[in-house]
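Here is the structure we will look at, set down as C-alpha cells.
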Protein chains: 2
Amino acid sequence: MLNDRSPAFSQDCNECPIRHRAVCARCETDELARLDEIKYYRRFEAGQTVIWSGDRMDFVGSVVSGIATLTQTMEDGRTQMVGLLLPSDFVGRPGRNAAAYDVTATTDLVMCCFRKTPFEDLMNRTPHIAQRLLEMTLDELDAAREWMLVLGRKTAREKIASLLSIIARRDASINLRSATGDVVFDLPLTREAMADYLGLTLETVSRQISALRKDGVIALEGKRHVTVPDMTRLLEEAGDDADGGVFA
Amino acid sequence: MLNDRSPAFSQDCNECPIRHRAVCARCETDELARLDEIKYYRRFEAGQTVIWSGDRMDFVGSVVSGIATLTQTMEDGRTQMVGLLLPSDFVGRPGRNAAAYDVTATTDLVMCCFRKTPFEDLMNRTPHIAQRLLEMTLDELDAAREWMLVLGRKTAREKIASLLSIIARRDASINLRSATGDVVFDLPLTREAMADYLGLTLETVSRQISALRKDGVIALEGKRHVTVPDMTRLLEEAGDDADGGVFA
DNA sequence: CCCATACTTTGACCCAGATCAAGAGCCCCT
DNA sequence: AGGGGCTCTTGATCTGGGTCAAAGTATGGG
C-alpha cells in the first residue's frame, strides 16, 4: 500500500498526508520513493505532549489521524491556542531548530514524520516540495488571520459559533449527514481547550453553548456530540459573510 | 544602482526588498537580472487603498518605504487589523487571484511590484525564490500566532505595551538611540488604527497610553513621538518573556 | 459497587473595557 | 483671523464576560 505510486494513490492517500499534500502528483516517482524511505511514524496518547515550546525540534511531519493543538503560554499560566492540527495538517519548520509553541495531542494521535536534515536535503532537490509547503503555509496564515478577527472583535457567542463552524467544516465526519440533512459531529476539544482557542474562560464557553442549544441553533447529545439542524443559521450566529462555503 | 549585482548589494539593498529578502545572494546573477526586468514601482498616498478584499489581485510585491495595513471587516463595520506591512515585508499570494483582506496605505507608500504571471514563471525556474518566500511566510505565521496570544489573553495595558515593543523593534528609526540610550520612534498609526490592531476601542488605547506615560514607562512629545527610557520595563509591561531580544 | 478524578453546568457577583458624551489641540483652507 | 475637519483626551456610566463557588455527571479503578 505505502509503495503504491499510481496517480490515483497520490490523490487519495490518507496514510501519509505529507506525500499527498506536500508533494502531490507533480514530483517524479523517484522523489516519492525517497520520501517513503525517510519517513517514520510516531504515536501519541491523548494528553501527551509532542514537543515543548523552545525545545529542539529535529523533525517535521503531518498528522495522519487524531488531533493536536499548538499553544502559547505566558509565565503566569495564561494560555492561548494558536493552531489546531487536524489530519493532513503539517507542523514543523525547515531551517529552524527550536519549536515556537507547545504541541499537544488532544486525542490519540499518529504523525508521519521526517527527520529534518534528510527532509531539507530532499526539499532542496525537489522544488515542488517547497512550493507545496509554501501553499500550505499561506493557507495557515490566512486561517490564522481569520482567527485574529474572531479573537479581537467577536462576542463570546459569535466565537463559539465560529469554532463550531470551523470544526464542522474540517472534521472528517462532517461528510456524514443524517437522513434529514443535519450536520453532525463530535467536539474534539474539552470546554477548557475551546476556551483557550477562543480567548474565553471555560465557564463562558459552557454558558454560550447552553445558550445556543436553548435557542435551537445546535442540539447536544451528551457533552460532545453536536447536531446542527441549519448550518446557515450557525454561520449567521458566527457573524460570517453569508456565502456559506461548502454548506451553501 | 539597480543593476549592481555585487554580493554587498544584495545584502544591503533597500531599493528592492524582494530582491534582498526573497532572493538573496543564493540565486544566479541571471535570475536577479530577470527580477529587475519584470519589477515596477507603485506609489500610494496616506489613506489610499492598495486593494480591497475580494478584488482581483494580479500582482505581488513588497514595501519599499512607508507603512501599509492588512485589515478584515465584518458587515456591521467591526474591523480587525491582521497585519502590519513595514519596509521589506512581502504581500500577495502566488497561485491565488483574490485578495483576502483590505490593504491600505497608512503613510505615503512605495511598493516594488511584480505582475503575478511572470513572477510565478520566474519562481518555477528559480527554486530559491519559493524557498525564501516559504521562510518569509513562516515568519509571518509565527508573528500572526504571537499576535493571537496578544489578542486572546492580554490586558489592554499589556496590549499597548506589546504594540509599542513591536514597533520599536521593527521601526527603522529604532537604530537611532538618543545620547542617553533611550529608544525613540514615531508611532506610524492613529489611535484608531492601534485599536483595530489590538481589538480595543480608541478611547481605551488613549487611556492606556496616558497611563503608561504617567507611570514613566514611556514619554510622549506631541501625540506620536515616543521615548522609551527603559526597554526592559516596557517588555515587562507587555508580559513578554524577559529575554529582551535585540534590547537585552 | 463505591469512590476518586476529571469534566461540565449553573448561579451570584464584580470589574476591565465598551459606550456615550464633551471638549481640547492641530492643521489646512479661505 | 476664523472656521471646519480631524485626531486625541478625559469623564461618567454601563455591561459582557471574568471570577468565585458549588453542585451535577461521566468514567475508570480498586
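Below, read A as the first sequence line, B as the second, and so on, with proteins coming before strands; counting in each chain starts at 1. Owing to the predicted nature of the structure, the values given are computational and were not obtained by experimental measurement.
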> What's the CD1-C1' distance between A:I209 and C:dT9, to the nearest Å?
Replying inline: 11 Å
> Nearest nucleotide by nearest heavy atom, which residue falls closer to the 5' end of DNA chain C, A:R153 or A:K223?
Replying inline: A:K223
> Between B:N97 and B:D58, is any pair of side-chain heavy atoms under 4.5 Å apart?
Replying inline: no
>> Run A:T227 and A:D182 through side chain to side chain donor-acceptor pair (under 3.5 Å) and show every step you take.
In response: CA-CA 6 Å; A:T227 303; A:D182 296 350; 5.7 Å; no
>> Categorize A:G199 for me: base, sugar-phosphate, or nothing, with a 4.0 angstrom heavy-atom threshold over every strand shown.
In response: sugar-phosphate
>> With a cut-off of less than 4.0 Å, is there a side-chain N or O of A:R224 near OP1 or OP2 of C:dT8?
In response: yes
>> Output the rounded distance in Å from CD (A:Q208) to P (C:dT8).
In response: 16 Å
> B:L220 or A:R157: which one's nearest nucleotide on DNA chain D is closer to the 5' end?
Replying inline: B:L220
> Could you state the CD1-P distance from B:I160 to C:dA16, rounded to the nearest angstrom?
Replying inline: 16 Å
> Taking only side-chain nitrogens and oxygens of B:T201, does any of them come within less than 4.0 Å of OP1 or OP2 of C:dA18?
Replying inline: yes
>> Which nucleotide wins on minimum distance to the side chain of A:R207, given the candidates C:dG17, D:dG17, C:dA12?
In response: C:dA12
> Rounded to the Å, how far apart are A:K214 NZ and C:dT9 P?
Replying inline: 11 Å
> More than 12 heavy atoms of other residues, nucleotides or ligands under 6.0 Å from CD of A:E192: is that the case?
Replying inline: no
> C:dT19 P sits how many Å from B:R78 CZ, rounded?
Replying inline: 10 Å
>> Using whole Å, what does the distance between atom P of nucleotide D:dG17 and atom CG of A:L202 come to?
In response: 15 Å
> Once you round it to whole Å, what is the distance between P of C:dA18 and NZ of A:K154?
Replying inline: 18 Å
>> By the definition side chain to side chain contact (heavy atoms under 4.5 Å, CB included), identify the one residue from B:L202, B:L164, B:L200, B:V205 that meets it with B:M194.
In response: B:V205
>> At less than 4.0 Å, is any side-chain N or O atom of B:T190 found next to OP1 or OP2 of D:dT7? Yes or no.
In response: no
>> Using the side-chain heavy atoms of B:E203, tell me which of these nucleotides is nearest: D:dC20, D:dT10, D:dG17.
In response: D:dT10
> With sugar-phosphate meaning primed atoms plus P, OP1 and OP2, does A:S210 contact a base, only sugar-phosphate, or nothing at under 4.0 Å between heavy atoms?
Replying inline: sugar-phosphate
>> Applying a 4.0 Å non-hydrogen cut-off, can you work out what B:L200 is touching in the nucleic acid: base, sugar-phosphate, or nothing?
In response: sugar-phosphate
> Would you find more than 12 non-hydrogen atoms of other residues, nucleotides or ligands less than 6.0 Å from B:R115 atom CZ?
Replying inline: no
>> Please classify the nucleic acid contact of B:S206 as base, sugar-phosphate, or nothing, using heavy-atom distances under 4.0 Å.
In response: base
>> Need to verify one output field. Residue with the more 5' nearest nucleotide on DNA chain D, A:T204 or B:R191?
In response: B:R191
